[in-house]
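Only one structure is covered here, and it is reproduced in the block below.
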Amino acid sequence: MTGYESVIEHREPDYGEGPKALIARLEADLSAQLARGQRRLAHSLSVASCAEGLALLYGVDPFEARLAGILHDWEKALSGEQVVARARELGIDMGVDLRLVSPLLHGIVAARELPARYPEVPPAVWHAIEVHTTAAPEMSPLDMVLFVADGIEPLRPSTPGIEGSRALVGQAALPDLFWDSFVGGIIYVLKGSRYLWPGTIDTYNRLAAARGVAGAR
């Protein structure tokens, strides 16, 4: 069994009644939130399971990973125009016209809006959700787990890049697995002639510099 297979076929931890009840409530709420987007709902639940499995493999809190996966695409219920409007209402500043980066906004908006609705969810979960579309120069292990799970969950159609990342699961350290997924996302944007947010370039350079320094030691 490969590392990726062990992740997607893992056994759910015994969380106890309280955490299980929260998971069930969030999944029910998500089902209502994404009722008109069944593919998005299936993706979210698949990311949640994949993130939980990655967390177990890499020594990250699996409960937090599961919650982050469930909620990461909550704002996908909104259209692109709606999420841009909501981001403007929240005062989110990306340094460019928000219409140019509308695909990046749903995680940031969710991380601003949902903590009031779910105060029992740990702050680390909200940070992971906030950076799951943009990444950040400093990524926590939980941040990395959600970012990777979003890209390699089993419902994602197979591409050479995704299969390459899946093959690294359990073979590479978590920071290296994240780096491969992050760079793969940039390549996808470039090959599709899509707009690349300048913040992504800054994040790439800062992460690359940090990796270079670490490799030189």
Side-chain angles (χ1 to χ4, degrees), residues 4-80 82-83 86-87 90 103-134 139-157 162 165-166 169 174 178 181:
Y4 181 66
E5 290 171 340
S6 71
V7 163
I8 62 175
E9 297 175 13
H10 74 279
R11 180 178 298 176
E12 178 183 302
D14 184 7
Y15 289 123
E17 291 306 313
K20 283 183 179 179
L22 179 57
I23 288 172
R25 179 158 64 92
L26 294 183
E27 289 182 344
D29 290 353
L30 182 72
S31 294
Q33 174 73 0
L34 298 181
R36 291 186 294 177
Q38 291 300 304
R39 289 178 61 185
R40 179 60 56 186
L41 174 61
H43 163 75
S44 294
L45 296 178
S46 183
V47 169
S49 179
C50 185
E52 182 181 69
L54 284 170
L56 290 168
L57 180 64
Y58 284 105
V60 180
D61 188 320
F63 179 62
E64 292 186 351
R66 177 79 170 268
L67 299 187
I70 293 170
L71 296 173
H72 80 287
D73 272 357
W74 179 275
E75 300 293 349
K76 283 287 190 174
L78 302 179
S79 68
Q82 289 172 326
V83 77
R86 190 67 191 116
L90 292 168
L104 305 180
L105 297 176
H106 61 278
I108 303 170
V109 170
R112 302 283 182 90
E113 292 198 315
L114 291 181
R117 179 169 180 165
Y118 301 112
E120 64 272 56
V121 172
V125 171
W126 303 124
H127 188 266
I129 290 172
E130 181 171 3
V131 301
H132 89 271
T133 58
T134 62
M139 296 282 285
S140 74
L142 178 61
D143 297 342
M144 295 182 195
V145 161
L146 179 61
F147 191 98
V148 171
D150 190 28
I152 68 170
E153 59 92 359
L155 297 182
R156 288 279 190 194
I162 289 175
S165 292
R166 289 171 175 167
V169 174
L174 181 57
F178 159 70
S181 185

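We're numbering straight along the sequence, starting at 1.
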Do [X] and [Y] have side chains that get closer than 4.5 Å, going by heavy atoms?
X      : Y      : answer
Val148 : Ser165 : no
Phe63  : Pro13  : no
Ser6   : Leu56  : no
Glu113 : Glu75  : yes
Val60  : Met144 : no
Asp150 : Arg156 : yes
Trp74  : Ser44  : no

So, for [X] and [Y], which heavy atoms are closest and what is the spacing to 0.1 Å?
X      : Y      : result
Leu26  : Tyr118 : CD2-CE2, 3.4 Å
Thr133 : Leu104 : OG1-O, 2.8 Å
Pro19  : Gly16  : CD-O, 3.5 Å
Val145 : Ala51  : CG1-O, 3.4 Å
Ile70  : Leu30  : O-CD2, 3.2 Å
Ala55  : Pro62  : CB-CA, 3.6 Å

[atom1]/[X] to [atom2]/[Y] distance, rounded to the nearest 0.5 angstrom?
X      : Y      : atom1 : atom2 : value
Ile129 : Arg112 : CD1   : CZ    : 13.5 Å
Ile152 : Leu54  : CD1   : CG    : 5.0 Å
Glu12  : Asp14  : CD    : CG    : 8.5 Å
His127 : Leu142 : NE2   : CG    : 10.0 Å
Arg117 : Leu71  : CZ    : CG    : 9.5 Å
Gln33  : Asp73  : CD    : CG    : 11.0 Å

Checklist entry - Could you go step by step and tell me if Val47 and Leu146 meet the side-chain contact (heavy atoms from CB on, under 4.5 Å) rule? => result CA-CA 8 Å; Val47 169; Leu146 179 61; 3.9 Å; yes

Main chain of [Y], side chain of [X]: is a donor-acceptor contact present, judged purely on distance under 3.5 Å?
X      : Y     : result
Tyr15  : Ile23 : no
His10  : Val7  : yes
Glu153 : Cys50 : no
Arg36  : Ala77 : no
Asp61  : Glu64 : yes

Checklist entry - Parallel, tilted or perpendicular: which describes the rings of His132 and His106, with under 30° parallel and over 60° perpendicular? => result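 The rings of His132 and His106 stand perpendicular, inter-plane angle above 60°.
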
Item to check | Step-by-step side-chain contact (heavy atoms from CB on, under 4.5 Å) determination, Phe178 to Asp143 | outcome: CA-CA 9 Å; Phe178 159 70; Asp143 297 342; over 6 Å; no

Next on the checklist: As a quick check of understanding, evaluate salt bridge (Lys or Arg N to Asp or Glu O under 4.0 Å) for Arg66 and Glu27, giving each step before the final call.
Outcome noted: CA-CA 10 Å; Arg66 177 79 170 268; Glu27 289 182 344; 3.2 Å; yes

